[in-house]
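Shown next, in structure tokens, is the structure this report addresses.
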Amino acid sequence: MDKKLITLNEVSKVFRVGEENFTALHEISLEIECGAFMSFVGPSGSGKTTLLNLIGGLDVPTTGNIFFKDEGLSSMSREQMARYRRENIGFIFQTYNLLPVYSVYENVLFPLLLNGSKEKDVRDRVMDIVDKVGLTDQAKKRPAQLSGGQSQRVAIARALVKDPLLILADEPTANLDTENSLHILELMKQLNRQYQAAVVFSTHDEKVTRYVRREVKLEDGRIVSDKNNIKGVS
Amino acid sequence: MNWDIARKNFYRQGMRAFLNVLVTALSIISLIFMLSLLNGFQAQATRNLVATDVGGGHYRAPGFDILSPTEWEDYTLKTTESLLRLSDKDKAEVLVQQGQLYPNRRLFPVQIRGISMQQSLLILPLDNLKKFDAEIEDAIPAVVGVKMARKAHLAKGDILTLKWRDKSGAVDARDIVIMDVGDMVNPRVDDGVVWLRLDHLRSMTDRAGEVSWVAVRDYLGPIDRFEFQSLEILMADLLALLRQDRINSKILWTILMILVCTSVCNTQILNIFKRQKEIGTLMALGMDSKRIVRIFTLEGTLAAIWALAVAAFLGVPFFIWFQGIGFDVSHLSEASFPIRETIYPDYQPLEIFYSLAIVFVLVVVAAWLPVQKITRLDPTLALRGRAIT
């Protein structure tokens, strides 16, 4: 189970802000194992989201290398990077980012269509996942008709449906109340066990940190602690 | 699949897509309407000048110049047999002399125009002169145009003195009676012009059978002693004005196109701007840039097709209706353009085609360009809605 999925070697990210350079990440080295259930924790501006974006191939490091299994992300073209995201990564965003004109069912179906599947071949699989996140009754509704918690569950279903090796969840509970947050975390814990997809959160929500098995603390773009959480998911 | 996604995206946007299409369609309708109105204005000015003065050209006494009134008496000719043989619908004999009118004890220099009453080539409101004989009785019957009447304070039934010189140079004067104040349409045959029967003017000036010119429907080839002045020569001032107007109308077309482009681009780009996060999400889900661009361009194409359809649906009945009522330009009656009180749009298919094609391409480009730009940037910028600001 501790086979390496993601490896970061001295990864730095520098942003240009006006005339100034702002270093969001300082030479981060890190490994993420298959099936991990972990979080990047830290205050705003600590580099959590930047780190998540780099791992997810949404951004590229200024220096250092990121490997998915043994494949370096830095050497990938934009098309290869898109393919990497399409085949291996599931994203869950703080603001859900559901496609507004699609129904719940269609939002969950969408990643499979992108991977070349035919709807008739995957209809049952989509409905199965929709059912697992408890939204069978809402399958025909559009995102605007859903609550925040329901929307985030659709985002989880969409991230899981293509059976990715890694799910990156950027502050998934930030817009939710406590009850909904706990439901979402419980759901992700179950799905992590069931689907064996590694899940990496970025969060400053203490509720999340109680659930994860590993917690990487960031401050000012540096890792200040990396510890296993024995109280987390077993 | 791209088509499926584009179709769903477009139709399910509902009101937003409809408003987008409606704005573009209304822009198209306004563009065509303005251009056609301008075309109508120009076409009508040309038609009116031909119908009231120029016909298909003039056979003139060589040297006659309408801008040299003191020489009009010197340049008259007897009509030739070949011109006389023409039917009355194909020719109009005109004799022009200078004179002075004395309305309300004032001196008013005028152009006296005599025209044959049988002619039907030129359309002039001279019916009230037809009932008279060739013999002049008490007062000479005359018709003036609305502009002339207004300037000289004349009304139907007024009797006033007209002075002129005959062929020998002898000055003569006699009362004229205003039989009618007619709408001449063309200021050139109205302003400062007193219309008489040709036989009356010939008899007054002792110029039997003479004319200053004969307006003809078609060019007949060279005619002895006369020189032919074509439409281009006779309408040179108007054509020069219209040429200038065409340049102006091109400028207007450009301004209208820019307005339409701005409106369309604004609508399209605002639409894309609002959908940056959606584009970012598609990128995060692993859709490659080319495919995103293709889908959004297809959406733009759908919007353009619908805009053309809606423009046709709303525009065609409007244009047909407007063709019936025309556009009131009575406020321009003082202008020197030969236009009627109402102008009617003149729809030029080629111009419409170009305008539609440009708007169509523009809508597609306006959909393609910003998405192209967004997809070249980091997906994180699009996800944060900051790819285009």
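Below, chains carry the letters A, B, ... as their sequence lines are ordered, and counting in each starts from 1.
Side-chain atoms of Lys48(A) and Glu171(A), non-hydrogen and from C-beta on, do get closer than 4.5 Å to each other. With a 4.5 Å cut-off on side-chain heavy atoms, Phe68(A) and Ile6(A) count as touching. At least one side-chain heavy atom of Asp163(A) sits less than 4.5 Å from a side-chain heavy atom of Arg125(A). The shortest distance between side-chain heavy atoms of Leu285(B) and Arg158(A) falls below 4.5 Å. The shortest distance between side-chain heavy atoms of Val161(A) and Val122(A) does not fall below 4.5 Å. Side-chain contact between Met127(A) and Asp131(A) is absent, with no heavy-atom pair separated by less than 4.5 Å. Between Thr173(A) and Phe201(A) the shortest side-chain heavy-atom distance does not fall below 4.5 Å. Taking 4.5 Å as the limit, some side-chain heavy atom of Leu37(B) sits within range of a side-chain heavy atom of Pro345(B).
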### Task
Start with the C-alpha distance between Asn192(A) and Met188(A), add both sets of side-chain angles, then the distance that settles side-chain contact (heavy atoms from CB on, under 4.5 Å), and finish with yes or no.
CA-CA 6 Å; Asn192(A) 168 252; Met188(A) 292 190 73; over 6 Å; no
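Below 4.5 Å, heavy atoms of chain A meet no heavy atom from residues 292-307 of chain B. Within residues 349-367 of chain B, no residue has any heavy atom closer than 4.5 Å to a heavy atom of chain A. Scanning residues 80-103 of chain A against chain B with a 4.5 Å non-hydrogen threshold yields Ala82(A), Arg85(A), Arg86(A), Phe91(A), Phe93(A), Thr95(A), Asn97(A), Leu99(A), Pro100(A), Val101(A), Tyr102(A), Ser103(A), sorted by number. Contacts from residues 8-24 of chain B to chain A, taken as heavy-atom pairs separated by less than 4.5 Å, involve Lys8(B), Asn9(B), Arg12(B), Gln13(B) in sequence order.
The NZ atom of Lys118(A) sits 10.0 Å away from the CG atom of Leu113(A) when rounded to the nearest 0.5 Å. Atoms CG and CD1, on Leu51(A) and Ile223(A) in that order, are 7.0 Å from each other to the nearest 0.5 Å. Between atom CG of residue Leu135(A) and atom CG of residue Asn107(A) there is a gap of 11.0 Å, rounded to the nearest 0.5 Å. Taken from CZ in Phe15(A) to CG in Asn21(A), the straight-line distance is 11.5 Å, to the nearest 0.5 Å. Atom-to-atom distance recorded for Lys274(B):NZ and Lys277(B):NZ is 14.0 Å, nearest 0.5 angstrom.
For Arg291(B), the part lying near chain A is the side chain, with the backbone staying farther off; criterion is any non-hydrogen pair under 4.5 Å.
For Lys13(A) (side chain) and Val60(A) (main-chain N/O), a donor-acceptor pair under 3.5 Å exists by modelled atom type. Side-chain atoms of Thr62(A) come within 3.5 Å of backbone atoms of Val14(A) as a donor-acceptor pair (strictly under, hydrogens ignored).
For the set Thr375(B), Asp288(B), Thr281(B), the entry with the most heavy-atom pairs within less than 4.5 Å of chain A is Thr281(B).
Ring geometry, Phe322(B) versus Phe327(B): the interplanar angle falls from 30° to 60°, so the pair is classed tilted.
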